[in-house]
Every structure is written in structure tokens, then in C-alpha cells.
Amino acid sequence: VQLQASGGGLVQAGGSLRLSCVVSGSIFSRVIMAWFRQAPGKQREWVAIVSSGGSTSYRDSVKGRFTISRDNAENTVYLQMNSLKSEDTAVYYCNNFNSFYNWGQGTQVTVSS
């Protein structure tokens with residue numbers, strides 16, 4: 001299974017980004033997918049989860065600002081990030097929430113204050 005995340009970049013605080021992650025080589029539509037992030041010097045943490053049926057869950061710090069979605073026909077999971085804060089700066093990864101695939105390179109999000 002390969003995970004290809006994209007869409008990161010440098011943005012000012014209050015701005016928006018939309019991340020995409022294409023998943024190849026798995027039965028994508030059947031798995032719970034998630035976005036994770038890892039900031040410098042910190043452990044990787046989950047950010048948002050989307051079930052095969054589209055139900056979602058978010059960590060408290062991003063609720064109301066981030067939206068996760070998926071397109072099962074395109075094997076792609078998205079993360080719309082609005083009202084970005086400096087503390088959102090991290091490398092963002094997508095993965096199977098229950099059984100990790102190889103992580104891939106992720107995509108860097110940098111929020112300047």
C-alpha cells in the first residue's frame with residue numbers, strides 16, 4: 001500500500017489549506033482513514049478520522065476548523081483546514097486508523113504567525 005499526501009505549504013495564521021492523500025493498493029472503501037500530524041520534537045498524533053461510511057471524528061484542538069472527507073471512487077482522503085494557527089504547523093500524514101500502512105513522506109504545513 002502506498003500513501004501519497006499533498007497540498008501542504010506555507011500559510012499565514014487564519015488562512016486555509018486543503019490536503020489530499022491518494023491511497024493505492026488497498027481496499028480503500030472498507031477502511032477507516034485518518035489524518036495524523038507530527039510537529040518537531042513531538043509525537044505523532046491523530047487529527048481527524050473518517051469511517052468507510054463517512055462518519056467523522058476530530059481531536060478537540062481542530063474541531064470547527066478542520067473537515068475530513070473521502071472519495072472512495074478516487075481512493076482519496078481530504079483534509080480541509082481553515083482558520084489555521086501556528087500550533088497546526090507539522091508534517092501531516094494520512095493512514096489507515098486501525099492498521100498502519102507504511103507512512104510515506106507526508107506533507108509539510110507551516111503556519112506563520
How about [X]: does its [atom1] atom have over 12 heavy atoms from other parts shown lying under 6.0 Å from it?
| X | atom1 | result |
| --- | --- | --- |
| Gln4 | CD | no |
| Gln108 | CD | yes |
| Asn102 | CG | no |

Which heavy atom of [X] sits nearest to which heavy atom of [Y], and what is that distance?
| X | Y | value |
| --- | --- | --- |
| Phe97 | Ala34 | CD1-CB, 3.8 Å |
| Gly8 | Thr107 | N-OG1, 2.9 Å |
| Ser29 | Ser52 | O-CB, 3.0 Å |
| Leu3 | Cys21 | CB-SG, 4.2 Å |
| Ser113 | Ala13 | CA-CB, 4.2 Å |

Would you please name every residue forming a side-chain contact (heavy atoms from CB on, under 4.5 Å) with Gln38, sequence neighbours left out?
Arg44, Tyr93
I'd like to check the side-chain contact (heavy atoms from CB on, under 4.5 Å) partners of Val109; sequence neighbours left out, ordered by chain and number.
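With neighbours one apart ignored, the set is Leu17, Leu19, Met81, Tyr92, Val111.
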Find out whether Thr89 and Arg37 are in side-chain contact, i.e. whether some heavy atom of one side chain is under 4.5 Å from a heavy atom of the other.
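No - every pair of side-chain heavy atoms lies 4.5 Å or more apart.
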Give a yes or no on whether Val11 and Val91 share a hydrophobic cluster (residues Ile, Leu, Val, Met, Phe, Trp, Tyr; joining criterion: side-chain heavy atoms under 4.5 Å apart).
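As far as the 4.5 Å side-chain criterion goes, Val91 and Val11 are not connected within one cluster.
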Please check if Val1 and Val31 belong to a single hydrophobic cluster, counting links between Ile, Leu, Val, Met, Phe, Trp and Tyr side chain heavy atoms closer than 4.5 Å.
yes
After noting the C-alpha distance and the side-chain angles of Met33 and Cys94, does the key distance pass the side-chain contact (heavy atoms from CB on, under 4.5 Å) rule?
CA-CA 7 Å; Met33 291 298 299; Cys94 74; 4.3 Å; yes
Straight-line distance of [X] [atom1] to [Y] [atom2], nearest 0.5 Å:
| X | Y | atom1 | atom2 | value |
| --- | --- | --- | --- | --- |
| Arg59 | Glu45 | CZ | CD | 4.0 Å |
| Ile68 | Ser51 | CD1 | OG | 9.5 Å |
| Thr110 | Asp88 | OG1 | CG | 11.0 Å |
| Arg70 | Thr56 | CZ | OG1 | 11.5 Å |

Residue among Val23, Asn96, Thr76 satisfying side chain to side chain contact (heavy atoms under 4.5 Å, CB included) with Phe28
Val23
Test the Arg65-Tyr58 pair against the cation-pi criterion, namely NZ or CZ under 6.0 angstrom from the six-membered ring centroid and within 45° of the ring axis.
no
Under 3.5 Å, side chain of Arg18 to main-chain N/O of Tyr78, donor-acceptor pair present?
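Here the side-chain-to-backbone pair does not exist.
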Closer than 3.5 angstrom, by distance alone: can the side chain of Asn95 be matched with the main-chain N or O of Tyr101 as a donor-acceptor pair?
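Yes.
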What about the rings of Phe36 and Trp103, do their centers lie closer together than 6.0 Å?
yes
Any pair counted as disulfide bond (SG atoms under 2.5 Å apart), so long as it reaches residues 26-90, sequence neighbours left out
none
So, are Asp60 and Lys63 salt-bridged, with charged N and O less than 4.0 Å apart?
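A salt bridge is present here (some side-chain N lies under 4.0 Å from a carboxylate O).
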